[in-house]
Structures are given as C-alpha cells and as structure tokens.
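Taking it in order: structure first as structure tokens, then the write-up.
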Amino acid sequence: MSNMNKTFAVIDLGSWTIRGMVARKLEDGRVSPIAFHEEPANNCIRHGCVHNIDDAAAIIRRLVSQLNESVEDNTHITSLYVGVGGQSVASQEFIVRKIMAPEGEVVRAEHIESLWTEMRGASFPDKEVLDVTEPLYYVDGKQEIQAKGVFCRELEARFQLITARRSVKQNIRIAVEERLGLRLAGVLVTPLCEAQVLLSDDELTLGCCYVNIGAGCTSVSIYKNRLLAMLRVLPMGGYNVTRDLTSLRLTEPEAENMKLNHVSMANDTASNGSFRMTFPDKYSEREFRSSEVNRLAKARMDEITANYLNIIRLSGLLEDLGAGIVLNGGGAKIHNYTTAIKSILGDVATARIRMDRVDTDNAISFDESHTSTIGLVYRATQPSTDYITTNLDELIDNVEENTEPTEHKHQSELFPQDNIQMERGDTTSFRSSTPSPSSELKTEPRKKEKTGPSFKDRFQSLFTRVGNLFDEDTNPDNENR
C-alpha cells in the first residue's frame with residue numbers, strides 16, 4: 001500500500017481552538033504526523049459542540065486548505081475524521097444476557113456475536129450512539145476476560161455505549177459534507193482517542209481516572225481492567241478561569257495571557273507579591289496583586305476539581321483506581337495545579353505520549369498541543385486522501401479551447417523547441433525524472449513507592465474541605481519554615 005493510502009486527515013473541535021492534522025500510519029500502526037494547523041474557534045464551538053455551522057465550516061475549510069499543501073503531489077483530502085468531547089457526550093451501560101442450554105454449554109463465537117447484534121439495536125431518546133467499547137463479560141455471574149471457550153449456563157456482556165445529542169453529529173455532517181463537499185469518515189470521541197495514546201499499560205490494568213481539563217469542558221474517563229468503565233463530561237474548563245480574570249478590566253486575550261503566565265495554585269511568598277503586564281499597544285502597563293489574581297483562579301479551579309472528584313466518588317470505582325488520576329489539558333497546566341492536587345491525593349500523574357504510539361523520529365509527535373489530533377489519527381481506519389482526477393471530456397475540452405488553428409503555421413512555428421535544439425546541435429530528447437522508522441519503543445512503567453495515607457484515604461478526607469482545596473500551603477519547600 002502506498003503512503004498516500006495510509007494518510008489520514010482529522011479535525012479536533014475544541015471550544016477555544018480548532019485543530020487539524022494530516023498524518024501517516026507506519027506499518028506497526030504508529031502515527032507519523034505530516035502537518036498540523038490550528039485556528040481560534042471564535043465562539044463557533046461551545047462546550048465542545050458546533051454552535052455556528054457556517055463559521056465552523058469556514059475554519060475547517062481553511063485548515064483543510066493548509067493541510068492539502070502538505071500531502072503528496074496530485075493528491076488531495078477527500079474525507080475527514082472529526083473529534084468531539086462536548087457536554088452531552090457520556091457513556092451509557094448496556095447489559096445483554098444470553099441463557100445457554102439448561103445443562104450448560106461452551107461459549108462459542110456465535111454466542112458472542114449474538115450479544116453484539118442485540119447491542120447494535122440499542123437506542124436512546126434524542127441521543128445517538130457515537131462509539132461502543134469492548135464489553136466486560138460475565139459467565140454464571142463471574143467476571144471473565146475471555147468468555148469464548150468457557151462452559152456456563154448464563155452469558156452476560158456489559159457494554160459502554162458513548163452517546164451524544166443527535167444535533168452533535170448532525171451539525172458536524174452539515175459543516176463537512178454540505179458546506180465543504182467532503183466525506184465525513186467518522187465522528188470520534190476525543191477523550192477515548194487521547195487515552196489510547198497517553199495511558200500506559202500499567203495505568204489501564206491497575207485502573208485509573210483520565211481527566212482532561214480543556215477550555216470549555218472537562219472530561220472524566222475511568223478505566224478498570226483495561227476497559228472503559230465510565231465517561232462523563234463537565235461543562236466547565238480553563239475558559240471559565242479566563243472569563244473570571246476579565247473582571248480585572250481585561251479582554252479575553254489579555255486574561256488568557258495572564259492565566260498562562262502569572263496565575264499560580266501555590267500558596268507561597270511569590271503569591272503575595274505583584275507583577276506588571278504590558279498590553280498589546282506596547283505603551284500601557286498595569287500592575288496586579290498576585291493574591292487577587294490567584295484568588296479568582298483558585299476559586300474556579302476549586303469548583304472544577306470538586307466536580308470531577310465528585311464524579312469519581314459517585315462512580316463507586318474509587319477502590320479500583322490503583323494508578324490514581326492522570327491529568328491532561330490546558331487547565332491542568334496552570335502553574336502548580338498538578339503539584340497542589342498531588343499534595344492532596346498523592347497518586348496524580350501528568351499524561352505523557354506513549355512512545356509505542358508515535359513515530360519517535362518525528363519532532364511533531366511530541367508537541368503537547370498535538371495529543372488530541374494524534375489520538376484521532378491513531379483511531380482512524382479509512383484513508384482520507386485520493387488522487388486528483390480529471391474527466392476525459394473536460395480534459396479534451398480544455399485542450400481544444402487552448403489550441404489555436406495551425407493549418408497556416410510553418411513547421412518551425414509548430415515545434416519551436418525542436419528548432420532551439422537543432423540550432424544548438426543538441427538532438428537529445430528531454431526527459432522528466434522523478435526523484436527517487438525507528439524501532440518500536442515501549443513505555444517504561446511508572447514505578448510508585450507507596451508511603452503514607454492511601455489514595456482512597458486522601459480522597460475521602462478532602463471532601464471535608466471542598467470549597468478551599470487550594471487554600472492550604474501546597475508548596476513542599478515551605479513545610480520546614
């Protein structure tokens with residue numbers, strides 16, 4: 001298969017930024033990015049869903065045009081995968097049971113297929129199924145990783161169906177197919193795609209909660225025994241912090257700059273000082289008190305944190321999170337946020353790209369802003385590019401239109417290039433010439449030394465102080481002062 005037939009184009013619909021990537025898949029399935037472009041969403045995406053179809057289509061059109069410049073000659077993008085992770089996206093458990101022969105029998109492939117067939121008939125009012133995860137099997141009430149070949153009287157499969165409002169996929173289809181004339185290859189669930197390229201085998205096996213604090217949404221994905229156990233999306237994220245900071249008489253771009261460069265979740269001496277910001281006109285400058293700025297940011301991050309921790313608590317899966325929490329997203333990158341949460345819960349890690357998921361010789365693979373689009377490419381299955389073809393009749397018409405009458409022309413006028421060659425004594429014909437990955441690396445498991453209170457003990461104790469999670473001194477350098 002040629003490289004062109006392994007090329008995939010994806011669009012990630014973020015509330016703050018819309019990102020596009022075109023990439024190849026290597027023989028072992030690793031992603032090798034070719035090009036990446038992004039544009040501000042400008043409010044056409046709200047809480048991860050398309051709000052203004054025309055504006056979203058215009059942005060996607062510009063991104064596709066830029067990505068087309070990076071694909072092979074004489075090819076262009078004809079289809080797109082689009083990633084979503086909006087507010088209405090959630091997992092729904094769907095249980096299918098099959099009663100075997102009264103005396104029991106061995107589970108065969110057709111029994112498994114019958115469970116999947118019944119699941120495909122599932123429907124939910126006003127919702128559409130976007131994805132289905134691998135089920136958790138139970139035989140005679142006992143959990144079984146591989147049910148096929150096991151003798152039992154009752155077989156059960158527990159699927160996680162990822163659903164969203166019907167308008168989510170409908171608006172994407174209108175933007176891509178009707179406005180742009182491209183084929184919608186699929187709508188993928190971004191949090192699940194990210195988890196495939198970020199979570200290590202140990203984290204998936206031990207159980208973990210993957211939290212992505214994005215701009216407009218915060219996704220919470222809980223994994224148990226390598227399978228998705230729950231997915232929820234909160235309608236809040238880093239953009240809420242930005243909006244709160246605009247109360248300091250700042251525009252949104254200025255507030256975003258302040259959030260990224262001056263906000264801190266730590267309670268230390270630096271938080272009690274002040275800083276100055278220079279504004280875009282390069283002439284005006286203002287001074288801000290760090291304590292006032294951090295107070296606004298901490299209050300909002302406290303709310304976001306309390307909400308996603310409450311989802312974990314209500315899931316009933318707290319004891320199954322052997323690897324704790326894995327954080328990702330722009331909101332989690334606020335200065336000292338991860339340190340503050342780790343000081344409270346202990347088992348908290350920052351997400352890192354898996355080396356066995358990307359082309360390690362490609363520098364684009366390791367840019368943190370590319371995580372979501374790399375995850376979408378990793379999940380994609382249908383190539384997105386095709387050769388540029390011209391209808392034969394159109395080609396003949398173009399030739400006829402550009403051809404002038406030649407009946408009165410001298411031979412030397414018809415083939416002037418031959419005259420130039422003959423004058424130079426050169427009889428050689430001109431000929432066009434066409435110019436003629438690393439080994440797979442495995443992710444090193446994260447080794448943890450268990451000391452002090454357990455993750456569960458820390459987790460349960462923090463609910464006694466929801467509302468002031470970040471009010472304590474979380475700077476380890478201040479412990480001995």
Side-chain angles (χ1 to χ4, degrees), residues 29 88-166 168-169 186-189 191-193 195-196 199-210 219-233 310-324 378-382 455-456:
S88 71
V89 175
S91 63
Q92 306 279 344
E93 186 176 56
F94 189 79
I95 300 176
V96 183
R97 294 185 179 89
K98 182 176 181 60
I99 303 300
M100 312 295 278
E103 66 279 7
E105 59 182 308
V106 176
V107 177
R108 302 188 300 275
E110 52 264 36
H111 295 141
I112 301 293
E113 180 58 31
S114 69
L115 299 178
W116 280 83
T117 300
E118 185 173 344
M119 177 275 299
R120 294 185 187 103
S123 62
F124 301 89
D126 301 322
K127 290 185 179 294
E128 185 169 358
V129 177
L130 300 180
D131 200 355
V132 179
T133 66
E134 285 293 324
L136 188 62
Y137 291 104
Y138 285 81
V139 292
D140 292 336
K142 296 181 180 179
Q143 184 177 320
E144 189 71 45
I145 297 176
Q146 176 58 266
K148 183 181 176 182
V150 178
F151 186 89
C152 67
R153 292 181 175 83
E154 182 180 79
L155 176 62
E156 179 181 297
R158 298 182 183 181
F159 296 89
Q160 293 294 332
L161 277 58
I162 314 303
T163 63
R165 292 195 311 268
R166 294 188 184 278
V168 170
K169 190 171 183 178
V187 175
L188 303 178
V189 182
L192 304 187
C193 297
Q196 285 190 296
L199 301 183
S200 68
D201 289 337
D202 284 350
E203 288 165 340
L204 290 170
T205 302
L206 294 173
C208 69
C209 179
Y210 170 61
S219 62
V220 184
S221 310
I222 300 177
Y223 287 85
K224 174 185 175 181
N225 295 327
R226 305 185 65 84
L227 298 175
L228 179 74
M230 174 183 283
L231 170 63
R232 294 290 185 271
V233 179
N310 194 45
I311 289 177
I312 299 174
R313 182 175 67 89
L314 295 176
S315 71
L317 298 168
L318 180 59
E319 294 185 357
D320 298 306
L321 304 184
Y378 186 81
R379 186 70 183 274
T381 56
Q382 303 176 35
F455 176 76
K456 179 180 178 182

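In this text, all values refer to a predicted model and were calculated from it rather than measured experimentally.
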Side chains of Ser221 and Arg232, donor plus acceptor under 3.5 Å: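 No.
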Would you give the length of the straight line joining atom [atom1] of [X] to atom [atom2] of [Y], rounded to the nearest 0.5 angstrom?
X: Leu227; Y: Ile222; atom1: CG; atom2: CD1; answer: 14.0 Å
X: Tyr138; Y: Arg97; atom1: OH; atom2: CZ; answer: 11.0 Å
X: Leu206; Y: Asn225; atom1: CG; atom2: CG; answer: 10.0 Å
X: Cys208; Y: Asp320; atom1: SG; atom2: CG; answer: 11.5 Å
X: Ile162; Y: Ser91; atom1: CD1; atom2: OG; answer: 5.0 Å
X: Tyr223; Y: Thr133; atom1: OH; atom2: OG1; answer: 8.5 Å

What are the two closest heavy atoms between [X] and [Y], and how far apart are they?
X: Ala101; Y: Arg153; answer: O-CG, 4.3 Å
X: Phe124; Y: Leu161; answer: CE1-CD2, 3.7 Å
X: Cys209; Y: Val220; answer: SG-CG1, 3.5 Å
X: Leu155; Y: Ala147; answer: CD1-CB, 3.9 Å

Side chain Thr205, main chain Asp202, donor-acceptor under 3.5 Å: no
Side-chain donor/acceptor of Asp140 to backbone N/O of Cys152, under 3.5 Å: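 A pair under 3.5 Å: no.
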Ile99 atom CD1: more than 12 heavy-atom contacts under 6.0 Å: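 Yes, because the 6.0 Å sphere around CD1 of Ile99 holds more than 12 heavy atoms from other groups.
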SB check Arg120 Glu113 (cutoff 4.0 Å):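 Between Glu113 and Arg120 there is a salt bridge, with a charged N closer than 4.0 Å to a carboxylate O.
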Cation over ring face, Arg158 and Tyr137, 6.0 Å, 45°: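 Ring-cation test returns no.
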Candidate list Ile95, Leu136, Leu115, test side chain to side chain contact (heavy atoms under 4.5 Å, CB included), partner Glu156, passing option: Ile95
Intermediate values then yes/no, salt bridge (Lys or Arg N to Asp or Glu O under 4.0 Å), Asp131 and Arg379: CA-CA 12 Å; Asp131 200 355; Arg379 186 70 183 274; 2.8 Å; yes
